[in-house]
Amino acid sequence: MNNRKCNNLPLVSVVIPTFNRPQYLQRCIESIKNQTYKNIEIIVVDDNNPNTLERRETEKVLSLYKNNSNIIYLKHERNKNGSAARNTGWKFSKGEYITFVDDDDIIYSDKIQKQVNCLAGLDRSWGACYTGYQLIKKNGSRQISKETRQGDCYIDALMRTLFMGSGSNLLLRREVVDKINGYDESFIRNQDIEFLARVLEKYKLAYVDEILLSIYQDDDRIASRSFESLDSYAAHYVECFTGRIKKLDMNDQERIMAVISLERFRIAIYKHRYVTGLSILISNHVKFKYIYRYTKYIVKRFISKESYGFNGL
């Protein structure tokens, strides 16, 4: 079935980068195997170091599929990072459409079918499609997505406020990934945010209004990292996109830097770095009206238990 066309269906490549989570990998693979859309190749890219328990456990999982020609297992010779693993899968893939699914997420049985149908009905200026999702935390609590923006969303993407849950949500035309040359491997974190901004610089975004993805969220991902580490990811993002931001009109530049500063401030407060947080707002000249609107957004999201990005500027 791993052909460019199968019963006139374009091939969809599903790339699963995996690192340090072999216990969830089979669940993810099975959710892709069970898709109603039947012309799919699954490419698992193992980013674990050789001779580790995680590599051996991942090999055991993939051995269950050794007779399935539609499941391809690629191993890095050493741990690189998630961006590199996604690029390895993209470069090996043959599909007309590509989606990258995190190894601990689950996609619903008709997700790929509905996303392909969505993009097939649009012209080539629409490069990618996402769906509704639910976030499932370690304690079992859930957040339901309320993000619905579509069309020209480049400024929203640059602001990092377009909440799609994770990179598992996007299905893209192959030409889109080829044109932007895949993921930026300098990003250790925030790879999906960086990737999305470059996609939407050139293409429009479509939305399927159904919950078709479950994202299992690691609640310790912020708690276990220092403020300096977390803030360095934002600094790297700003550094990489400064040239693009400066090409925009002054109002958009102000809005983008305000939202990024507010996100940095939120992390500083969470880490009890109150003076640092205030200095971020002051040094970036964030207006009081932006602080007020952002605070209302955070409170509303906390009360509603809904997942959506800030869209108040």
Side-chain angles (χ1 to χ4, degrees), residues 130 132-139 141-166 169 189-190 192-194 196-197 200 205 207 215 217-239 241-242 244-245 248-313:
Y130 76 110
Y133 60 89
Q134 64 171 342
L135 291 174
I136 304 173
K137 300 191 175 184
K138 276 189 174 180
N139 63 8
S141 66
R142 297 173 186 242
Q143 288 185 357
I144 301 300
S145 68
K146 293 296 180 180
E147 187 65 79
T148 62
R149 281 172 280 182
Q150 58 182 327
D152 182 0
C153 297
Y154 178 48
I155 301 301
D156 300 290
L158 279 178
M159 284 183 185
R160 313 195 306 176
T161 65
L162 193 59
F163 277 24
M164 286 184 293
S166 81
N169 207 339
R189 297 284 182 267
N190 294 335
D192 300 324
I193 296 171
E194 182 279 333
L196 180 65
L200 298 187
L205 178 68
Y207 173 65
I215 298 166
Q217 193 172 70
D218 182 357
D219 300 331
D220 298 329
R221 59 182 179 162
I222 293 178
S224 63
R225 296 172 189 151
S226 69
F227 170 76
E228 287 75 16
S229 175
L230 293 166
D231 201 49
S232 70
Y233 305 147
H236 182 54
Y237 177 89
V238 172
E239 179 185 359
F241 282 97
T242 293
R244 289 175 170 89
I245 293 170
L248 304 172
D249 65 49
M250 292 303 295
N251 182 57
D252 284 337
Q253 289 186 45
E254 178 185 280
R255 292 164 61 219
I256 290 167
M257 294 311 301
V259 173
I260 292 174
S261 299
L262 286 163
E263 286 290 310
R264 294 174 63 202
F265 168 76
R266 182 176 64 86
I267 296 299
I269 297 303
Y270 177 79
K271 290 292 186 179
H272 308 294
R273 301 286 292 272
Y274 307 112
V275 174
T276 301
L278 287 173
S279 70
I280 289 170
L281 297 182
I282 293 168
S283 62
N284 287 284
H285 310 290
V286 179
K287 295 178 179 178
F288 178 76
K289 65 179 180 180
Y290 295 159
I291 299 172
Y292 173 72
R293 292 171 188 169
Y294 184 78
T295 302
K296 281 182 63 178
Y297 154 74
I298 292 294
V299 171
K300 183 179 178 181
R301 212 179 82 185
F302 176 79
I303 293 172
S304 68
K305 306 299 183 184
E306 294 172 343
S307 179
Y308 59 95
F310 180 51
N311 192 23
L313 299 190

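Because the structure is predicted, anything quoted here is derived from the model rather than measured.
In this structure, Lys305 forms a cation-pi arrangement with Phe302, its terminal cationic atom sitting closer than 6.0 Å to the ring centre and no more than 45° off the ring axis.
What you find for Ala197 and Ala157 is that their closest heavy atoms are CA-CB, 3.8 Å. Counting all heavy atoms, side chain and backbone alike, Gly132 lies closest to Ser145 at CA-OG, 3.4 Å. Of all heavy-atom pairs between Asn190 and Arg160, the closest is ND2-NH1, 3.5 Å.
Shown are Glu263, Arg301, Arg293, Lys296; of these, the side-chain contact (heavy atoms from CB on, under 4.5 Å) with Phe310 is made only by Arg293. With Tyr207 as reference, Gln150 is the one residue of Arg149, Glu147, Gln150 to meet the side-chain contact (heavy atoms from CB on, under 4.5 Å) rule. For the side-chain contact (heavy atoms from CB on, under 4.5 Å) test with Leu200, the passing option among Asp156, Leu162, Asp152 is Leu162; the others fail.
Considering CD1 of Ile260 and CG of Asn284, their distance stands at 9.0 Å, rounded to 0.5 Å. Note that OG of Ser141 and CD of Gln217 are 8.5 Å apart. Values are rounded to the nearest 0.5 Å. With rounding to the nearest 0.5 angstrom, the CD1 atom of Ile298 is 11.5 Å from the CD1 atom of Ile303. Going from atom CG of Asp231 over to atom NZ of Lys271 covers 12.0 Å, rounded to the nearest 0.5 Å. To the nearest 0.5 Å, atoms CG (Asn169) and CG (Asp192) are separated by 10.0 Å. Atom CD in Glu306 sits 9.0 Å away from atom CD in Gln143 (nearest 0.5 Å).
Between Tyr294 and Tyr297, the ring planes are tilted. Angles from 30° to 60° get that label.
Looking at heavy atoms from C-beta onward, Ser261 lies out of side-chain contact with Phe265 at the 4.5 angstrom threshold. Looking at Val286 and Ile291, their side chains come closer than 4.5 Å, going by heavy atoms from C-beta outward. Between Leu158 and Asp252, the closest side-chain pair of non-hydrogen atoms is not below 4.5 Å. Residues Tyr308 and Lys300 meet the side-chain proximity criterion, which asks for heavy atoms closer than 4.5 Å.
Using modelled atom types and a 3.5 Å distance limit, the side chains of Tyr133 and Ser307 yield a donor-acceptor pair. For the residue pair Tyr290 and Glu254, a side-chain donor N or O sits within less than 3.5 Å of a side-chain acceptor on the partner.
Ring centroids of Phe241 and Tyr237 are separated by less than 6.0 Å, placing the two rings close together. Between Tyr270 and Phe227, the ring center distance fails the sub-6.0 Å criterion.
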Worked verdict on Val238 versus Met257 for side-chain contact (heavy atoms from CB on, under 4.5 Å): CA-CA 9 Å; Val238 172; Met257 294 311 301; 4.1 Å; yes
